[in-house]
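Please read the structure below before turning to the comments.
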Amino acid sequence: MNLSDDLAWRGLIKDKTFEPKWLDTPRKFYLGIDASSDSLTIGNLAIITLARRLAEAGWSAVMLAGGATSLVGDPGGKHEERELKPKSEIERNIEGVKAQIEQLFAGQRHEMVNNLEWLGELKYLDFLRDIGKNFSMTELMQREFVDTRMGESGAGISYAEFSYSLLQGYDFWWLFKNKDVQLQIGASDQWGNMLSGVSLIRKKETSEAHALSMPLVVNKATGRKFGKSETGAIWLDPKRTSPTQFYQFWINVDDADVEEYLKIYTLLPKEAVNELMGQQKKTPQERPAQIALAGEVTAMVHGVEANKFAQSVTDYLIGKSPIAEVSEAALKEIRIALPNIKAQPGISVIEALVESGLAASNSDARRLAQSKAVYVNDQQFTKDHLEAGDFKNGRLMLRRGKAYKDSALIELA
RNA sequence: GCAGGGAUGACGGAGCGGUCAAUCGUACCUGACUGUAAAUCAGGCGGCCUACGGCCUACGGGGGUUCAAAUCCCUCUCCCUGCACCA
């Protein structure tokens, strides 16, 4: 299947400035990544996976870290002005984000650039004359982000954030001129910014350059944007979200979403996805689609070894492999992957829940205990204390709730 | 600058001197039913405790009035709406 058909089938094309067939001749494209945090989330992963697809279809990839643009802050999709981040923090963020992109592009040819390289030395007056002159204020004012921020109930917008779109347009133009980049890809909230570049190139170079946006990934069950909420964020950084937690997240995906995620987040071809969805329909309780999804995505983000390990930890979680018989080597890894504490026999369940982070406070832990939400080694647990006999070989699995993802390892001190 | 209006828990939004740890909705957590799914129903949802009870901290910041304040007064900060100023 050629690239344009594949992307259409996966639902990855929202807006574009070209005929679909144009995609099928490989050229050079770029994807800009914001550096507002030191780690990417699965929200960013969707678009990076799209970049991977283009690369595998023969396109040359330029990955742009927004060292300069992050200093200003993208107003797109935000309801109020952002806090400016210190420069040192953004530099750190860039390093973190770069490393993750390297991992995701392992074995694929790609180029990393930082727009600080050219935006950093840009002179303001030159910018106004060369770039500013090419933007119509009328057009800019009609942009949705400006409109919502400046409208009746808007929170206002600063000149700095307002100018963001022009900077991004400049990026595209610079890359077009200096690196022969002909396409920019991004999530649909970047559409306006991408068009800034397209029209700037048209005006200044009288040449064609194009933009492609993909839809924002939405949780079908709740209708909400995916991976955006602060607390529930799933990070690519294993220090923030361990590979096991990462794997568990995908295992736990709703049935309604799993097909879409397979298309967006894995490189599995159409036939394989259809095959999986067939099985999913027949035996949903075995969760074949979720298992495939979790395996594919974890392997891509954290590597094949980490994926294997996450799968084996899952076997311990669901009691398929008894935790009492875990090998010393695996145990070491589990201590990293799961919340874990050392305890004396006789420790109260409340204390164990709080210490391990499964409960937020003593009150919270008491509520959980009262509602019979405590499990030890996959069995409902109603006693107040963990006795010596509850530990098998000096350890046990403590769990909050019925789903396996909120588990912790408790070991005898 | 002047005049009005506003700031309440994760969010939206009630309350306008005691019965307010604060109605309600959403989000979130747990239980039942299931499949580590969804929907539905039920319970919970500031913290702490030797708990059908008690204590602490909270309604933008600070100060006051009162036996008693989220509720009244003063003041500061920020936001909104008009008007004025500036073009």
Side-chain angles (χ1 to χ4, degrees), chain A residues 77-81 83 137 148-158 218-234 242 244-262 276-277 279-295 297-298 310-321 323 337-339 348-351 353-382 384-385 397-408:
Chain A
K78 297 279 173 210
H79 294 295
E80 46 192 51
E81 190 84 7
E83 289 282 321
M137 206 60 200
T148 54
R149 290 275 289 270
M150 298 194 37
E152 289 217 6
S153 54
I157 184 167
S158 69
V218 170
N219 181 322
K220 283 211 181 69
T222 58
R224 289 171 66 223
K225 258 193 238 171
F226 180 64
K228 281 280 181 184
S229 83
E230 290 296 316
T231 47
I234 304 294
S242 78
T244 300
Q245 290 165 330
F246 188 84
Y247 182 87
Q248 283 293 317
F249 170 82
W250 296 105
I251 284 285
N252 217 16
V253 161
D254 299 353
D255 285 10
D257 289 325
V258 72
E259 180 170 5
E260 187 186 339
Y261 294 173
L262 280 169
L276 278 167
M277 290 317 296
Q279 290 174 25
Q280 181 73 16
K281 260 210 171 111
K282 264 184 257 158
T283 54
Q285 67 280 11
E286 282 169 25
R287 308 171 77 78
Q290 279 92 341
I291 289 169
L293 174 68
V297 181
T298 308
Q311 288 179 10
S312 73
V313 172
T314 296
D315 288 343
Y316 289 110
L317 290 181
I318 62 177
K320 196 170 152 196
S321 319
I323 189 70
L338 293 181
S348 76
V349 170
I350 304 297
E351 198 182 338
L353 284 168
V354 173
E355 289 271 309
S356 61
L358 294 180
S361 68
N362 288 356
S363 310
D364 190 27
R366 289 200 173 87
R367 274 175 225 126
L368 289 170
Q370 272 163 21
S371 53
K372 298 195 176 76
V374 181
Y375 292 78
V376 166
N377 294 331
D378 206 23
Q379 298 292 317
Q380 202 166 58
F381 193 79
T382 49
D384 291 339
H385 298 272
M397 276 289 186
L398 182 68
R399 192 170 92 226
R400 175 194 81 192
K402 208 176 34 141
Y404 296 101
K405 56 188 195 306
D406 301 307
S407 296

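What's counted below: heavy atoms across the whole structure, side chains too, no hydrogens, waters or symmetry copies. Note that the structure is a prediction, hence the values are computed from the model and not measured.
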Separation between [atom1] of [X] and [atom2] of [Y], rounded to the nearest 0.5 Å:
{"X": "A:L293", "Y": "A:R287", "atom1": "CG", "atom2": "CZ", "result": "10.5 Å"}
{"X": "A:I234", "Y": "A:Q245", "atom1": "CD1", "atom2": "CD", "result": "8.0 Å"}
{"X": "A:I318", "Y": "A:R399", "atom1": "CD1", "atom2": "CZ", "result": "10.5 Å"}
{"X": "A:E259", "Y": "A:K281", "atom1": "CD", "atom2": "NZ", "result": "8.0 Å"}
{"X": "A:L338", "Y": "A:L317", "atom1": "CG", "atom2": "CG", "result": "5.5 Å"}
{"X": "A:I291", "Y": "A:Y247", "atom1": "CD1", "atom2": "OH", "result": "6.0 Å"}

Could you check how far [atom1] of [X] sits from [atom2] of [N], rounded to whole Å?
{"X": "A:R399", "N": "B:C29", "atom1": "CZ", "atom2": "C1'", "result": "15 Å"}
{"X": "A:Y404", "N": "B:A37", "atom1": "OH", "atom2": "C1'", "result": "14 Å"}
{"X": "A:K405", "N": "B:G35", "atom1": "NZ", "atom2": "P", "result": "17 Å"}
{"X": "A:Q311", "N": "B:U36", "atom1": "CD", "atom2": "P", "result": "17 Å"}
{"X": "A:D406", "N": "B:U30", "atom1": "CG", "atom2": "C1'", "result": "11 Å"}
{"X": "A:Y261", "N": "B:A37", "atom1": "OH", "atom2": "P", "result": "15 Å"}
{"X": "A:I350", "N": "B:U30", "atom1": "CD1", "atom2": "P", "result": "15 Å"}
{"X": "A:R400", "N": "B:U36", "atom1": "CZ", "atom2": "P", "result": "17 Å"}

Taking the [atom1] atom of each, how far is [N] from [M], in whole Å?
{"N": "B:A14", "M": "B:A70", "atom1": "C1'", "value": "12 Å"}
{"N": "B:C29", "M": "B:A10", "atom1": "C1'", "value": "13 Å"}
{"N": "B:A87", "M": "B:G5", "atom1": "C1'", "value": "29 Å"}
{"N": "B:G43", "M": "B:U23", "atom1": "P", "value": "16 Å"}
{"N": "B:G60", "M": "B:G9", "atom1": "P", "value": "8 Å"}
{"N": "B:C86", "M": "B:U81", "atom1": "P", "value": "22 Å"}
{"N": "B:C45", "M": "B:G25", "atom1": "P", "value": "14 Å"}
{"N": "B:U71", "M": "B:A21", "atom1": "C1'", "value": "16 Å"}

Students often get this wrong, so: under 4.0 angstrom with heavy atoms, is [X] touching a base, only sugar-phosphate, or nothing?
{"X": "A:T283", "result": "nothing"}
{"X": "A:I251", "result": "base"}
{"X": "A:E286", "result": "nothing"}
{"X": "A:I318", "result": "base"}

### Query
Given side chains that start at C-beta, do those of A:Y404 and A:D378 come closer than 4.5 Å, heavy atoms only?
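SC-SC contact between A:Y404 and A:D378 confirmed.
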Using a cut-off of under 3.5 Å, enumerate the N/O to N/O pairs linking the protein to nucleotides 47-54 of chain B.
unit_1	atom_1	unit_2	atom_2	d
B:G47	OP2	A:R367	NH2	3.4
B:C48	OP1	A:N362	N	3.0
B:C48	OP2	A:S361	OG	3.1
B:C48	OP2	A:S363	N	3.1
B:C48	OP2	A:S363	OG	2.5
B:C49	OP1	A:N362	ND2	2.6
B:C49	OP2	A:N362	ND2	3.1
B:C49	OP2	A:R366	NH1	3.1
B:U50	OP2	A:R366	NH2	3.2
B:A51	N6	A:R366	NE	2.8
B:A51	N6	A:R366	NH1	3.4

### Query
Excluding sequence neighbours, so at least two apart, what forms salt bridge (charged side-chain N to carboxylate O under 4.0 Å, His left out) with A:R400?
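For A:R400, the residues satisfying salt bridge (charged side-chain N to carboxylate O under 4.0 Å, His left out) (neighbours in sequence not counted) are A:D406.
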### Summary
Intra- and inter-strand pairing of RNA chain B, written as dot-bracket with Watson-Crick and G-U pairs under 3.5 Å and | for the latter, reads ((((((((.[[[..)..(.....]]].(((((.......))))).((((...))))...[[[[[..)....]]]]])))))))....
Side chain of [X], heavy atoms from C-beta onward: which of [options] has the nearest atom to it?
{"X": "A:Q280", "options": "B:U36, B:A32, B:G35", "value": "B:G35"}
{"X": "A:Q380", "options": "B:U30, B:U36, B:A32", "value": "B:A32"}
{"X": "A:Q285", "options": "B:U30, B:U36, B:G35", "value": "B:G35"}
{"X": "A:Q290", "options": "B:G35, B:A38, B:U36", "value": "B:G35"}
{"X": "A:N252", "options": "B:U36, B:A37, B:U30", "value": "B:U36"}
{"X": "A:A403", "options": "B:U36, B:G31, B:C29", "value": "B:U36"}

### Query
Taking the chi torsion of B:C11, is it syn (within 90° of 0) or anti (everything else)?
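You should classify B:C11 as anti.
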### Query
Are side-chain N/O atoms of A:Q290 and A:D255 paired as donor and acceptor at under 3.5 Å?
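Looking only at side-chain atoms, A:D255 and A:Q290 do form a donor-acceptor pair, the distance falling under 3.5 Å.
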### Task
From the options A:M277, A:Q279, A:K282, select the one residue that forms a side chain to side chain contact (heavy atoms under 4.5 Å, CB included) with A:P288.
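One option only clears the test, and that one is A:Q279.
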### Task
Give a yes or no answer on whether the side chain of A:Q380 reaches the backbone of A:K372 with a donor-acceptor pair at less than 3.5 Å.
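Checked: pair present.
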